[in-house]
Number of protein chains: 2
Amino acid sequence: MSVVEAGGIQFDLDLSKPLYEQVLQQIRGSIARGGIALGEKIPSVRELAQTLKINPNTVMRAYQELERDGLTETRRGQGTFITSNNEVVQDIRNNLALEATKEFLEKMHSIGFTRIDIQRFLNEGDE
Amino acid sequence: MSVVEAGGIQFDLDLSKPLYEQVLQQIRGSIARGGIALGEKIPSVRELAQTLKINPNTVMRAYQELERDGLTETRRGQGTFITSNNEVVQDIRNNLALEATKEFLEKMHSIGFTRIDIQRFLNEGDE
DNA sequence: GAAGTGTATTATATCACTTAATACACTCAT
DNA sequence: ATGAGTGTATTAAGTGATATAATACACTTC
């Protein structure tokens with residue numbers, strides 16, 4: 001449903017969250033899961049804006065945050081490239097996992113689930 | 001930090017999310033984890049607003065959502081009471097857990113974690 | 001020099017959230 | 001009956017984040 005591909009990355013935007021945040025997360029996810037090679041070039045700001053039918057400023061905001069995190073390197077006049085530093089990628093991947101886990105456990109504890117309950121819950125989900 | 005108690009419920013508001021959502025979640029959490037007895041009365045709209053130093057309309061919005069979910073019953077002129085129907089409470093608790101789990105697994109998968117990786121991650125967090 | 005990059009700026013519009021003030025309907029204790 | 005305390009509705013206003021639009025500048029490559 002409204003999935004768009006650009007530069008080897010899948011984009012699926014909706015209205016549940018800010019657009020710049022979704023663009024950021026989906027590129028970051030693609031890098032973290034190895035869906036895009038290190039050193040690779042990603043679409044230009046204008047190109048991605050046109051493909052996703054959103055404003056260049058909105059794409060820019062996502063790109064700037066990626067660079068701040070060290071996930072991309074931007075070269076004026078050339079474009080934006082995924083970092084070649086695999087260590088940075090793994091660190092960020094690890095951090096994302098830690099944060100997701102922490103948030104999950106906090107939520108479960110706040111509604112009265114113990115560690116054992118949670119284990120059971122996760123195993124039930126298997127098929 | 002800035003934890004306030006009202007009607008046997010702990011409130012801790014910040015600016016990370018809408019106030020009405022935090023009030024809703026914290027009351028709901030208290031019910032789900034059994035921190036407050038079924039049938040119990042919770043603070044009046046005006047009283048809670050004053051205690052939390054927020055607008056009565058904001059409290060109202062949280063209370064209305066609680067009632068829509070069947071977690072509370074409101075009696076005009078009397079107040080707002082936690083439902084006495086334990087089944088409803090357990091259903092909602094279960095739903096919250098399911099949603100939290102689904103969101104967590106999706107996030108982890110999106111950054112390339114397999115089921116086994118996730119198991120390992122959760123166990124590492126133990127002490 | 002032209003085309004394509006990233007980047008900055010200014011203005012505008014929209015929407016969610018929050019507050020404020022006020023009023024009404026109801027219940028209960030007195 | 002009255003008054004105090006309930007939930008509820010309405011209208012108005014302000015604020016901030018988000019997104020768009022239009023434009024301009026600096027840089028790289030061909």
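Quick note on labels: first sequence line is chain A, next is B, and so on, each numbered from 1.
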Taking B:Ala97's backbone N and O only, do any of them form a donor-acceptor pair with B:Thr101's side chain (distance below 3.5 Å, no angle check)? yes
Cut-off 3.5 Å, side chains only: do A:Asn55 and A:Thr58 have a donor facing an acceptor? no
Which residues within residues 60-74 of chain A lie with some heavy atom under 4.0 Å of an atom in DNA chain D? A:Arg61
Just N and O in the side chain of B:Gln78: are any of them under 4.0 Å from OP1 or OP2 of C:dC28? yes
Return the residues of residues 45-57 of chain A meeting this criterion: a heavy atom under 4.0 Å from some atom of DNA chain C. Order them by number, or give none. A:Val45, A:Arg46, A:Asn57
Whole-Å distance between C:dA23 C1' and B:Arg76 CZ? 12 Å
Looking at A:Thr80, does any N or O in its side chain come under 4.0 Å of the phosphate oxygens OP1/OP2 on C:dT5? no
Does a donor on one side chain sit under 3.5 Å from an acceptor on the other, for B:Thr74 and B:Glu67? yes
Taking atom types as modelled, is there a side-chain donor on B:Gln64 or B:Asp69 under 3.5 Å from an acceptor on the other? no
When the ring planes of A:Phe113 and A:Phe121 are compared, do they come out parallel, tilted or perpendicular, using 30° and 60° as the limits? perpendicular
Do A:Lys17 and A:Gln25 meet the criterion of a side-chain donor-acceptor pair at a distance under 3.5 Å? yes
So, A:Gln26 side chain and A:Asp12 main chain: donor-acceptor pair closer than 3.5 Å or not? yes
Greater than 12 external heavy atoms within 6.0 Å of B:Gln90's CD: yes
A:Lys41 has an atom NZ; how far is it from atom P of D:dT29, in whole Å? 12 Å
Expected output is a numbered-order residue list: members of residues 18-28 of chain B with a heavy atom under 4.0 Å from any atom of DNA chain D. What is it? none
Got a salt bridge between B:Lys107 and A:Glu103, using NZ or NE/NH1/NH2 to carboxylate O under 4.0 Å? yes
Do A:Ser16 and A:Asp14 pair up side chain to side chain, a donor and an acceptor below 3.5 Å, judged on atom types alone? yes
Report yes or no: do B:Glu99 and B:Asn94 form a side-chain donor-acceptor pair below 3.5 Å? no
Just N and O in the side chain of A:Ser44: are any of them under 4.0 Å from OP1 or OP2 of C:dG4? no
With respect to the phosphate group of D:dT18, does any side-chain polar atom (N or O) of A:Thr58 fall under 4.0 Å of OP1 or OP2? no
